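These numbers come from a predicted model, not from an experiment. Quick note: residue numbers are just sequence positions, from 1.
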Amino acid sequence: MSSLSKDSFVNELAKTKYGVSDLFDMQDSNTLALLYRDVVKDERNILGHSRYSAALGFYIAYLQLKKQ
C-alpha cells in the first residue's frame, strides 16, 4: 500500500483530477474505477511494473469487502 502514499502520483492524481484531499478519503466506487483506469494507463505505473494499479486494485477490493 506504500504505492498509494501521500507522495505517490496516484494520490496526486486523485487530488488534482478528482478533488479529494487524500486518496483514502475516496469511497465512491465509480470515482475509484475512473482513477484506476487513469493509473493503469499512466507511464509511471507501466514503468513500475503495475505496482500502483495493483495497490489501487487491492484498496478497491478492500472497500468492496468492507461494505458487505
Side-chain angles (χ1 to χ4, degrees):
M1 295 306 280
S2 64
S3 299
L4 304 179
S5 71
K6 285 197 179 271
D7 296 329
S8 75
F9 85 91
V10 179
N11 206 36
E12 185 60 35
L13 189 59
K15 287 178 188 178
T16 58
K17 191 164 183 180
Y18 298 101
V20 294
S21 60
D22 185 352
L23 168 69
F24 294 110
D25 290 338
M26 294 177 81
Q27 300 292 313
D28 178 47
S29 59
N30 292 327
T31 305
L32 283 167
L34 293 172
L35 177 61
Y36 180 83
R37 191 170 28 184
D38 292 336
V39 170
V40 165
K41 296 185 286 185
D42 193 284
E43 183 176 315
R44 293 164 286 191
N45 182 56
I46 296 166
L47 292 174
H49 302 285
S50 301
R51 76 176 192 184
Y52 300 99
S53 58
L56 186 55
F58 282 125
Y59 177 60
I60 293 168
Y62 165 76
L63 290 176
Q64 290 171 345
L65 287 174
K66 189 175 161 184
K67 287 182 181 179
Q68 294 179 357

Would you give the length of the straight line joining atom [atom1] of [X] to atom [atom2] of [Y], rounded to the nearest 0.5 angstrom?
X	Y	atom1	atom2	result
S8	R51	OG	CZ	9.0 Å
K17	T31	NZ	OG1	11.5 Å
I60	M26	CD1	CE	8.5 Å
N11	D22	CG	CG	5.0 Å
R37	S53	CZ	OG	14.0 Å
T16	F9	OG1	CZ	11.0 Å

Is [X] linked to [Y] within one hydrophobic cluster, defined over Ile, Leu, Val, Met, Phe, Trp and Tyr using a side-chain heavy-atom separation of less than 4.5 Å?
X	Y	answer
L13	I46	no
L63	F58	no
L4	Y62	yes

| said: As a test of understanding, state which of V39, V10, D38 forms a side-chain contact (heavy atoms from CB on, under 4.5 Å) with N45. | reply: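 So, applying the side-chain contact (heavy atoms from CB on, under 4.5 Å) to N45 and each of V39, V10, D38, only V39 qualifies.
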| field | Check: Y59 side chain, L32 main-chain N or O, donor-acceptor pair, under 3.5 Å | value |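 Answer holds: no.
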| task | Answer yes or no: are there more than 12 heavy-atom neighbours, outside F24 itself, under 6.0 Å from its atom CZ? | result |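 Enclosed.
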| remark: Residues K67 and Q27: closest non-hydrogen pair is NZ-O, 3.7 Å
| query | Any side-chain heavy atom of L56 sitting closer than 4.5 Å to one from L23? | reply |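 They are in contact (side-chain heavy atoms under 4.5 Å apart), so the answer is yes.
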| Pair D28, Y18: side-chain N/O donor-acceptor within cut-off below 3.5 Å |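 On atom types as modelled, these side chains do not qualify, holding no pair under 3.5 Å.
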